[in-house]
Every structure is written in structure tokens, then in C-alpha cells.
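One-based numbering, in listed order, for ligands and for the atoms of each.
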Amino acid sequence: MHLSRFHRVKLSHAPTPLEPLPNLSRYLGGPNIYIKRDDCTGLATGGNKTRKLEFLIGDALSKGAAHLVTQGATQSNHVRQTAAAACRLGLKCTALLETRVPDAGPDYFANGNVLLDRLFDCNVETRPAGLDMNNELVAVGERLRQQGEVPYLIPGGGSNPIGALGYVVCAQEILMQSNDLGMRVDCVVHATGSAGTQAGLVAGLEGMNTGIPVLGIGVRAPRDKQEDNVYQLACKTWELLGIPGQLSRGAVQANCDYVGPGYGRPTDGMIEAVRMLARLEGILLDPVYSGKGMAGLIDLIRKGHYRKDENIVFVHTGGSVGLFGYRDLFGEPVAA
Ligand SMILES: *Cc1c(COP(=O)(O)O)cnc(C)c1O
């Protein structure tokens, strides 16, 4: 897995720390929970898209592109990190924000990631929910090309085989760090959405023959669809890496029982998980992804899914800025 064969720019502070969560582990009565701090990738409040953007923007620059074009939901962490990366590298950035949660409160449309998109001077266009957003992306790319620009299209979540390479790097870090700690990893758990994170982790951990299973906790699609998306992308990533043989379908596992009413819509389990990590460990999760991912892990632990002596690594994929788009869920005003 010779990743320096690929174009790449440095955007992150990786390797991110792999740390124990002693208070949460004790509170739940085991297993031993560790956290891979990809909320600390270092770009504009961090998150998982930074690793993907290192390879995507490396590819963009190698092709002479000067304008990044991408898309996501209103509170997209991916758009915020892309906009920040564009600033760092002197590129223009246009983002299409899909109004995927139309009935959300005013903070959702102005605060959190949206505020930061503006600060990074990103050209924001909105789209109603339900369009094929990748078609919209292609259309905007065409428009920019006609205006004489050299655009580079980044799919939603940065999830294509080039972006997924960022999570092959993360798989290598988890392996090296757990070896250094003398810690056997029994399972890696994280929130899965546009599939690039899980595809990269699975291709990396399987490709290195680690025997470490990965469980994605879904935040949007039903299980069959989520697993198919991840598997297809993981196979393409596997091919891009030039690993011999075929990736086993069984290596891709998702649990989509924690989506609740839909993408970006709160669940009681998410609110509990966000509060629990804040109050036990001083760690900020987010309402859309890592909060639901952790809610899934907590529920599986309570249902006895893991032995007490197992070591679970939760990949914190970031997103805490999104909390400010959901003030009503967490913020009680104080008296003047
Ligand atoms: C995008 C995102 C995810 C999901 O990662 P995918 O690669 O899209 O599956 C998880 N957590 C956060 C905070 C994200 O922004």
C-alpha cells in the first residue's frame, strides 16, 4: 500500500491521536472504548473530509484545476472543509447546498457550518431536496468551464476512490498506533454516510490483512443500500491500490437502525450520546453523524454485543460545529 504514488497535498495534523475513553468505558461497564480523534485533523475545526481532500486536491492540482466545486446538505461538514482547503491553497470554491432538512430551525440555515462557509468566502448556491445532486454538480462544472474556468468536481462527501485513500491512511495509523500501545483491536466503529470513510477503512484494514472488522452506523440510507454503496466504493479503492484478489463482501457491515426519522433529524439516542461524551469525557460529538454513530455503539454495548474485555475503536469523524445549527436541542438560555 504505497500511498505516496498518489498526488497529495498536506492539510491535516495526522496522525491523529488514538486515546482511551476511561470514563465512558467505566460508565457502560465495558468494553474498553478508544477514540480515534479525526475530529482533530486540524483544518477549520477538523473532521474526516480533511483526509479525503488531501488526495482529491492533490489530484485537482495535478490536473491544473483552480476552482473546486462540491455539494452537500445545508450543514455539510464536507463543504466547510473543502471551502477552508480552497482558501489554504488559493483556489476558488463553489458549493451547492441541498435543503435536505427544510423544516429545521433558523440556526440550521445560518450558523455552524453555514457561517464558516461564508467566512471562507465560498460561493454558495442552494438546491431544493430531492434533485440528483451529482447531476447538479456536473451542470455547474459545465457552466464554469464555459466561463473559461478550470473546475474540479468533488462528489458529495468527497466519496470516490481517490478520496477514500484518505481513510486507507487512517487504517494504517490505527494499525500502527494499536501495535505501539500493545492493544488488540476487536472492532472499529464509526458513522457512515456517503461511504468513503468506511470504504477506505475496509480496503486498508482488509488489504493489510489485519482481521479487524469495521462496523458503520448509518445516518441516512437503509442497510442494504448503505452496504452496497460502501462495498462498491471499497472495491474500486481496492483496485486503485492494486491489491491482488477480491475484497470479500462480508467485510462490509453496516447497522442502519439508528437513523431515526431521517438524515439530519434528531433522535433521543443521539442527544443522549452527545451529552454523555460531553459530560463524561469533555468531547464534542455532532448531531448528524458522530452523535448517531456513538448512539449506535452505546446501544449495542447495552444489548451485550461486545465482551467486557474487548477493545473497540470509535472513529470520531468530527462535525461538532454542527451543534451550533441545532441550538434548540442543547441550549437552555441562562437568565440575564
Ligand atoms: C461526512 C461525515 C461522516 C460520514 O463519512 P462518509 O465518508 O460520508 O461516510 C461522518 N461524520 C461526519 C462528522 C461527517 O461530516
Side-chain angles (χ1 to χ4, degrees), residues 16 35-41 43-53 55-56 70-84 95 97-98 100 112-113 116-117 133 154-171 188-204 214-221 225-234 237 252-256 258-259 263-264 270 273-274 277 283-297 314-326:
T16 58
I35 192 162
K36 175 69 171 159
R37 297 294 305 269
D38 272 19
D39 56 322
C40 301
T41 47
L43 179 70
T45 74
N48 63 341
K49 304 313 181 303
T50 302
R51 289 187 188 273
K52 301 176 181 183
L53 288 164
F55 290 95
L56 290 163
T70 196
Q71 57 99 351
T74 308
Q75 280 292 336
S76 171
N77 300 299
H78 163 68
V79 166
R80 178 249 310 158
Q81 287 162 85
T82 304
L97 297 185
E98 181 189 7
R100 221 182 278 169
N113 286 293
L116 298 189
D117 296 341
M133 287 298 287
I154 299 179
S159 286
N160 63 16
I162 293 173
L165 294 175
Y167 271 84
V168 176
V169 176
C170 183
V188 169
V189 179
H190 68 93
T192 179
S194 67
T197 301
Q198 190 169 4
L201 287 171
V202 168
V214 178
L215 176 65
I217 307 286
V219 300
R220 188 177 186 189
K225 182 166 181 225
Q226 188 66 26
E227 287 190 347
D228 280 353
N229 288 347
V230 173
Y231 182 62
Q232 281 178 29
L233 183 51
T237 310
V252 173
Q253 287 180 51
N255 180 326
C256 299
Y258 303 94
V259 177
Y263 175 88
M270 177 278 286
V274 170
L277 268 284
I283 286 178
L284 297 173
L285 298 178
D286 84 281
V288 181
Y289 295 96
S290 55
K292 285 186 179 173
M294 182 56 85
L297 176 58
F314 180 79
V315 182
H316 188 339
T317 41
S320 62
V321 160
L323 287 169
F324 301 102
Y326 289 79

Below 4.0 Å from ligand 1: does a non-hydrogen atom of Gly157 turn up there or not?
no

Does Gly193 reach ligand 1 with a nitrogen or oxygen that is under 3.5 Å from one of the ligand's nitrogen or oxygen atoms?
yes

Which protein non-hydrogen atom lies closest to atom 13 (C) of ligand 1, naming both residue and atom, and how far is it?
Gly318 O, 3.0 Å

When only distance counts, is Asn77 in polar contact with ligand 1, meaning an N/O pair under 3.5 Å?
yes

Does any N or O of ligand 1 fall below 3.5 Å from an N or O anywhere on Ser194, backbone included?
yes

Would you check whether Asp286 has a nitrogen or oxygen atom less than 3.5 angstrom from a nitrogen or oxygen atom of ligand 1?
no

Looking only at protein heavy atoms, identify the closest one to atom 11 (N) of ligand 1 and say how far it is in Å.
Thr317 OG1, 2.6 Å

Is any side-chain heavy atom of Leu233 closer than 4.5 Å to a side-chain heavy atom of Thr237?
yes

Any Gly47 heavy atom less than 4.0 Å from ligand 1
no

Side chain, backbone, both or neither: the part of Asn48 lying under 4.0 Å from ligand 1 by heavy atom:
side chain

Could you go through Ile154 and His78, starting from their C-alpha distance and side-chain angles, then the distance that decides it, and tell me whether this counts as side chain to side chain contact (heavy atoms under 4.5 Å, CB included)?
CA-CA 10 Å; Ile154 299 179; His78 163 68; 3.7 Å; yes

Side chains of Val214 and His190: closer than 4.5 Å at any heavy-atom pair?
yes

Could you check Gln226 against Val259 for side chain to side chain contact (heavy atoms under 4.5 Å, CB included), going step by step and ending with a plain yes or no?
CA-CA 12 Å; Gln226 188 66 26; Val259 177; over 6 Å; no

Please check whether His78 reaches ligand 1 - meaning an N/O of the residue sits under 3.5 Å from an N/O of the ligand, judged on distance alone.
no

Give the atom numbers and elements of ligand 1 that come within less than 4.0 Å of a heavy atom of Lys52.
6 (P), 7 (O), 8 (O)

Could you walk me through whether Leu201 and Cys170 pass the side chain to side chain contact (heavy atoms under 4.5 Å, CB included) check?
CA-CA 7 Å; Leu201 287 171; Cys170 183; 4.2 Å; yes

Considering the heavy atoms of Gly319, write down every atom of ligand 1 situated less than 4.0 Å from one of them.
13 (C)

If I take atom NZ from residue Lys292 and atom CG from residue Asp286, how far apart are they, to the nearest 0.5 angstrom?
10.0 Å

Side chain to side chain contact (heavy atoms under 4.5 Å, CB included) partner of Thr192, chosen from Val230, Asn229, Thr317:
Val230

Within 4.0 Å of some non-hydrogen atom of Thr192, the atoms of ligand 1 are 9 (O)

Any atoms of ligand 1 less than 4.0 Å from a non-hydrogen atom of Lys49? List them with their elements.
1 (C), 2 (C), 3 (C), 5 (O), 14 (C), 15 (O)

Would you say the side-chain atoms of Thr41 pair up with the backbone N or O of Gly47, donor to acceptor, closer than 3.5 Å?
yes

Any N or O of Ala195 that comes nearer than 3.5 Å to an N or O of ligand 1?
yes

Validation row: Tyr289, Asn48 side chains within 4.5 angstrom (heavy atoms)
no

Within a strict 4.5 Å, meaning less than it, do heavy atoms of the Tyr167 and Asp38 side chains meet?
yes

